[in-house]
Amino acid sequence: EGLLIQTQQNGFYKLIGTSLTKFSTDVDSELAASSVYSSQLLSDGSFALGTVSNGIFILNNSGKIKYHITQNKGLTNNTALSLYEDADKNLWVGLDNGINCINLQSPIQNFVDDTGILGTVYTSKLYNGTLYVGTNQGLFYKSYQSKDDFKFVNGTKGQVWSLFEHDGTLFCGHDSGTFVIENAFAKNIFLASGKWKFETVSNQKGLLLQGNYYGISVLAKTNNQWGF
């Protein structure tokens, strides 16, 4: 419908006929501070923006951020001088120090915890649109495919050995007992230590077998509540 103008520090503008208007994006303030050096319209309609000091921003065609890829996300450095999309839809980046290739079609995404807060991951489960991760530090959660950091589920400090979904309920097998997880809240339903594995019982939906440090325990559902 006209021209899209991308500037070095002031984001995007639309020029339709003689009318110039601002095209707002999620990252206008970051672009102003980062200085855009290169840009590329991708085949899916997204915009890739390479900056001098803040890596690469990839926005959809309405200005919403899809990815922000920086040195701590895998780039050789944060200065992206040139961008090129090849026939396989990989994004090649000419950096101040070398060349990187980003596979934008990959179904795999990494979450790197540089702080060590998460610890070692033992188990994970996608439940009701929330990604739960059990580690040697406790249970953490975040909205699936969001850019949010993982948050800690209070009361789950210690090793999480297993996560198991059954009959609409999410169970957490923990070093200090068995928890039912509801809306990022942990309810302890069995205090005996060390819950490893959950198994269903044939033709008995209201029973579960659970392996623990001391043997096998049975969980039963009574009045819509699970307990030992």
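For reference, positions follow the sequence shown, starting with 1. Computed over heavy atoms, backbone and side chain alike; hydrogens, waters and symmetry mates excluded.
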Derivation of the side-chain contact (heavy atoms from CB on, under 4.5 Å) call for Leu4 and Leu41
CA-CA 11 Å; Leu4 184 66; Leu41 176 62; over 6 Å; no
Working for side-chain hydrogen bond (donor to acceptor under 3.5 Å, both in side chains), residues Asp113 and Thr115
CA-CA 5 Å; Asp113 174 32; Thr115 65; 2.6 Å; yes
Does Asp86 form a side-chain hydrogen bond (donor to acceptor under 3.5 Å, both in side chains) with Trp92? I'd like the steps, not just the answer.
CA-CA 8 Å; Asp86 67 18; Trp92 293 79; 2.8 Å; yes
Worked verdict on Lys125 versus Leu170 for side-chain contact (heavy atoms from CB on, under 4.5 Å):
CA-CA 9 Å; Lys125 190 72 177 176; Leu170 180 62; 3.9 Å; yes
Hey, mind stepping through Ser35 and Gln9 against side-chain hydrogen bond (donor to acceptor under 3.5 Å, both in side chains) and telling me if it holds?
CA-CA 5 Å; Ser35 186; Gln9 292 181 312; 4.6 Å; no
Stepwise, does the side-chain contact (heavy atoms from CB on, under 4.5 Å) test hold for Leu219 with Phe198?
CA-CA 10 Å; Leu219 300 179; Phe198 296 84; 4.0 Å; yes
Given side-chain contact (heavy atoms from CB on, under 4.5 Å), test Asn78 with Thr51 step by step and report yes or no.
CA-CA 7 Å; Asn78 278 331; Thr51 71; 5.9 Å; no
side-chain hydrogen bond (donor to acceptor under 3.5 Å, both in side chains) for Ser46 and Asn60? Distances and angles first, verdict last.
CA-CA 4 Å; Ser46 301; Asn60 68 15; over 6 Å; no
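Of all non-hydrogen atoms in Gly177 and Lys195, the two that sit nearest each other are O-CG, 3.6 Å. Of all heavy-atom pairs between Ala80 and Gly55, the closest is CB-O, 4.5 Å.
In the displayed structure, Tyr127 atom OH is contacted under 6.0 Å by more than 12 heavy atoms of other residues, nucleotides or ligands. More than 12 heavy-atom neighbours from other residues, nucleotides or ligands sit within 6.0 angstrom of CG on Leu20. Atom CD of Glu1 sits in a sparse spot, with 12 or fewer heavy atoms from other residues, nucleotides or ligands closer than 6.0 Å. Atom CG of Asn183 has 12 or fewer heavy atoms from other residues, nucleotides or ligands within 6.0 Å.
Taking the side chain as every heavy atom from C-beta outward, Thr200 and Leu208 approach each other to under 4.5 Å. At a threshold of 4.5 Å between non-hydrogen side-chain atoms, the residues Thr7 and Tyr13 count as touching. Inter-residue side-chain proximity for Lys205 and Lys221 is flagged as unmet; no heavy-atom pair is nearer than 4.5 Å. Ser162 has its side chain out of reach of Lys197: every pair of non-hydrogen atoms, C-beta onward, lies at least 4.5 Å apart. Counting heavy atoms from C-beta outward, Tyr122 and Val160 have side chains that stay 4.5 Å or more apart. By the 4.5 Å heavy-atom criterion applied to side chains, Leu83 and Leu91 are counted as neighbours. Put simply, the side chain of Asn203 does not reach to within 4.5 Å of the side chain of Val201, judged on heavy atoms. The closest side-chain heavy-atom distance from Gln210 to Thr178 is below 4.5 Å.
Both Leu42 and Ile102 are members of a single hydrophobic cluster when ILVMFWY side chains are connected at heavy-atom separations under 4.5 Å. Clustering ILVMFWY residues whenever any of their side-chain heavy atoms sit less than 4.5 angstrom apart, transitively, puts Val36 in a cluster other than the one holding Val52. Both Leu104 and Val93 are assigned to one and the same hydrophobic cluster, defined by single-linkage of ILVMFWY side chains at heavy-atom distances under 4.5 Å. Cluster annotation: Ile58 is connected to Leu95 through the hydrophobic network of ILVMFWY side chains, with a link wherever side-chain heavy atoms come within less than 4.5 Å. A chain of hydrophobic side-chain contacts below 4.5 Å, direct or via other Ile, Leu, Val, Met, Phe, Trp or Tyr residues, connects Val180 to Phe228.
Annotation: the span from Thr21 atom OG1 to Ile5 atom CD1 amounts to 9.5 Å, rounded to 0.5 Å. Expressed to the nearest 0.5 Å, how far CD of Glu30 lies from CG of Leu49 amounts to 11.5 Å. Atom-to-atom distance recorded for Cys172:SG and Leu163:CG is 5.0 Å, nearest 0.5 angstrom. Once rounded to the nearest 0.5 Å, the distance linking OG of Ser38 with OH of Tyr84 reads 15.0 Å. Rounding to the nearest 0.5 angstrom, the gap separating the OG atom in Ser34 from the NE2 atom in His68 is 6.5 Å. Expressed to the nearest 0.5 Å, how far CG of Asn103 lies from CG of Asn90 amounts to 5.0 Å.
Salt bridge status for Asp26 with Lys66: absent, with no side-chain N to carboxylate O gap under 4.0 Å. A salt bridge links Lys22 with Asp28: at least one charged nitrogen is closer than 4.0 Å to a carboxylate oxygen. Under a 4.0 Å N-O distance rule, the pair Lys142/Asp149 does not qualify as a salt bridge.
Aromatic ring pairs are classed by plane angle as parallel below 30°, tilted from 30° to 60° and perpendicular above 60°; the pair His166 and Phe171 is tilted. Taking the six-membered ring for Trp and thresholds of 30 and 60 degrees, Phe47 and Phe23 have ring planes more than 60 degrees apart, a perpendicular arrangement.
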Would you tabulate the side-chain donor-acceptor contacts of residues 129-141 under 3.5 Å, counting partners in other chains and residues two or more places apart, or write 'none'?
| unit_1 | atom_1 | unit_2 | atom_2 | d |
| --- | --- | --- | --- | --- |
| Tyr132 | OH | Ala184 | N | 3.4 |
| Thr135 | OG1 | Leu118 | O | 2.6 |
| Thr135 | OG1 | Gln137 | N | 2.8 |
| Thr135 | OG1 | Gly138 | N | 3.4 |
| Thr135 | OG1 | Gly138 | O | 3.4 |
| Asn136 | OD1 | Thr120 | N | 2.8 |
| Gln137 | OE1 | Lys157 | NZ | 3.2 |

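Screening Tyr213, Phe179, Phe190 against His174 for a ring-ring contact (aromatic ring centres under 6.0 Å, His included) leaves a single residue, Phe179.
Side-chain N or O atoms of Thr156 include one that pairs as donor or acceptor with a backbone N or O of Val153 at under 3.5 Å.
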